[in-house]
Amino acid sequence: MTTPAPVVLVVEDEPAMRRFLRTSLRAHGYHVVEAATAREGLAQLAGRNPDVVLLDLGLPDADGIDVTRQVRATHRTPIIVLSARGQERDKVAALDAGADDYLTKPFGLQELLARLRAALRRAVPGRGGAEPSVVTAGELRVDLGRRQVFRAGEEVHLAPTEYRLLAVLAAHAGQVLTHRQLLEAVWGPNFLEQTHYLRVYVGQLRHKLERDPARPRLIATEPGVGYRLRDEAPPAAGG
Amino acid sequence: MDRREAGWRGYAAATATVGAVAFACLQFRATFAPIDVAMLLLLAVVVVAARSARGPAVYASLLAILAFDFAFVPPYYTLAVHEGAYVVTFATMLIVALIMGGLTARLRAEAGAVAARERRLAALYELGRALAGARTPAEVAEVTARHVERAAGTPAAVALRGAAGALEGGGPPFDRPRVAEAAAWVLDHGEAAGTGTAEFPDAGALLLPVGTPLARHGVLAITAGAGAGAGAATERRGLELLAGQAGLALERLALARKEEAARLAVEAERLRTALLSSLSHDLRTPLAGIEGAGTALASDAERLTPVERRELAETVVEESRRMTRLVANLLDMIRLESGALAVHRNWQPLEEPLGVALLRLEGRLADHPVEVALPPDLPLVSVDELLLEQVFVNLLENAAKYTRPGTPIRVSAWRDGAAIVVEVADRGPGVAAGEADAVFRKFHRAPGRHVEDGRPAPGGAGLGLTICRGIVTAHGGRIWVEPAAGGGAAFRFTLPLEAAPPSVDPDAALAFPEAP
């Protein structure tokens, strides 16, 4: 039995961008539904019930963050927002409003596919199985059930706070988590402004888990936004 | 302007001279004939006329006649005259005295005039020489005022037309309201005013315009002296000449300024044109590559082999990325210049923005092994992670661009008192001694001599280091380049540690129940 092609709703006003997305995603087995405005997008969302939404934050007829909230009000569909460089605050706002991930324009196809895969994996329990209890990312293996962490087969001992941070990242493997989301999940709502806690602990995790802490490949910094536990090799870096 | 012997001294001298001669002749009345005495007395009168003004000369001649009549014409010791012929003698003596007096007076006056002219010329020459070395209008005003004061013997000052068009400065006598009023009039009308003229004769000073008829630069004011009167006209002519000199000097300076401004404008225009053409080249080149590859793919896809198609597609990607970098740099530059650079600081380890930069540049640093030496106890820094990432990207990119493939790059940092010093060093040709400051200037690009192996000089708009400096400065730090020990360039920047970084409580998370 073949799984039906996942449906991607592309809400983007630039025709060239839509063409690129339509062509490439179709070539990779996605079914693409397009909308050029927020209104169209919300209509398509209601009518077609897509598996994932690609939402441009710079739509002409609405504020992308409002659209995110509107989608979240009624649907649990994963949302990946598309935004330009230098608009980090918008991305963070969208993520905090319920978006699952983001892409910075200009982005390449490989990056897009990786984000889509991660979003779909987490999307609906049952699509890819139950919430994973073991997360693998490169050399790293995190057993959430047994609270054990292995690096290249060897167990690594982590302090309780370190483990908690890693567990949250692992539960969202492949997806970005904002500073705020991480702080809230690990330290609670009173620590939302203490980003240095997060930085210090990420540093400690890196020094224990990364082959080269100066060039972290497992726990990636998303500058201005947050962190991401990479579970795939990053696409070839360019710009 | 001497008034020698115009006073009683002249008359006293006349009396003495004539008296002495008369007395002397009296002793020899027996031996001298009257004609001889007349000649001697005439001589006395001539002497007096030569040394005095007309008044004493006439007085001397009258005195001589009286003396002659009294003591040498019978009847002696009376003023009566026996023979009428002596009247002719008396008249002749008087006329001679008058003529002599007049002649000598005129001679003296002329000599005086010549001397005055010479003095004026000397003063003009002196002023001209002093003004030739003046470099600013203020200097011209100062020098002129001093020379005029010396020539006139009274306080003088020069006020110049300021930027607003009104007179500025000067000092006395400009501090007197009447003089200031007169000065404003002089500036407007370009004619003299003050003492001895029709306008503002009560001002207490003579005011002369300074400048050319086309460009009135200022006003010269000379406090009226006690002796304003005789000779005032010639004096005024002399002052006018001095004012004229000052005017010429000011005109010269104004023209020189205009010329300099024009030259700078031409230079700036030339620079802008060169910049625009080079930027336009930098922007068009990748676009040409993209369009070329794109059109080939669009129209000739079937005629190309898969490998060729892939290569063309990769060209499109590479050139697009190049353009993206260039545009990003230009935008950063614009943001910096317009003051729109927002710095959002967060306490974080320096490792973090460096790591992002290293991963972002992975492809371009492929030929350059990067060694990272950050001490593990380096304190947290309060920086904007995106901006600092940009600084690292620019410095690392430069290091890769300007050094031969295979040469290493080293990033290190250390604490230096109340700041952290970060260094990015390469083993390339380094930065030439005089260029250490120039490299940070906008659009500065290394000259072609950095080509060591036939590669063309690296492109790029020349903005990378300027942006670094803007960002580092916005963080309160300083950036510079020095020769690296062992050859190459070492770019260093400081990040001040204004406050102690916040501490972290290791048990803080445990108080919060874990999310399910």
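In what follows, chains are A, B, ... by sequence order, proteins preceding strands, each numbered from 1. Computed from a predicted structure; not experimentally measured.
Contact tally against chain A (heavy-atom pairs below 4.5 Å) for B/Ala357, B/Pro376, B/Ser503: the top residue is B/Ser503. Chain A forms the most heavy-atom pairs under 4.5 Å with one residue out of B/Gln348, B/Glu351, B/Arg335, and that residue is B/Gln348. Ranked by heavy-atom pairs under 4.5 Å with chain A, the first of B/Val317, B/Asp384, B/Val356 is B/Val356.
At a 4.5 Å heavy-atom cutoff, the contact between B/Asp505 and chain A is made by backbone and side-chain atoms alike. In this structure, no portion of B/Arg322 lies under 4.5 Å from any heavy atom of chain A. Residue B/Val372 touches chain A through its side chain alone, counting heavy-atom pairs closer than 4.5 Å. If you measure heavy-atom distances from B/Ala328 to chain A, the contacts under 4.5 Å come from both the backbone and the side chain.
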Report the C-alpha separation of A/Tyr201 and B/Val504 in whole Å, then their side-chain angles, then the decisive distance to 0.1 Å, and conclude whether the side chain to side chain contact (heavy atoms under 4.5 Å, CB included) test is met. CA-CA 9 Å; A/Tyr201 275 94; B/Val504 161; 3.6 Å; yes

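One finds a salt bridge joining B/Glu385 and A/Arg199 here, because a Lys/Arg side-chain nitrogen approaches an Asp/Glu carboxylate oxygen to under 4.0 Å.
In this structure the side chain of A/His196 reaches within 4.5 angstrom of the side chain of B/Leu380, judged on heavy atoms. Between A/Arg215 and B/Val370 there is a side-chain heavy-atom pair separated by less than 4.5 Å.
Crowding of A/Arg180 atom CZ: a count of heavy atoms from other residues, nucleotides or ligands under 6.0 Å not exceeding 12. Other residues, nucleotides and ligands contribute more than 12 heavy atoms inside 6.0 Å of the CZ atom of B/Arg345. Counted within 6.0 Å of CD on B/Glu371, heavy atoms from surrounding residues, nucleotides or ligands total more than 12; the atom is thus considered enclosed. Counting non-hydrogen atoms of neighbouring residues, nucleotides and ligands closer than 6.0 angstrom, the CZ atom of A/Arg72 exceeds 12 such neighbours.
For A/Asp13, the side chain to side chain contact (heavy atoms under 4.5 Å, CB included) partners at least two apart in sequence or on another chain are A/Asp56, A/Leu59, A/Pro60.
Counting all heavy atoms, side chain and backbone alike, A/Pro216 lies closest to B/Leu359 at O-CD1, 3.1 Å.
Contacts from residues 88-105 of chain A to chain B, taken as heavy-atom pairs separated by less than 4.5 Å, involve A/Glu88, A/Arg89 in sequence order.
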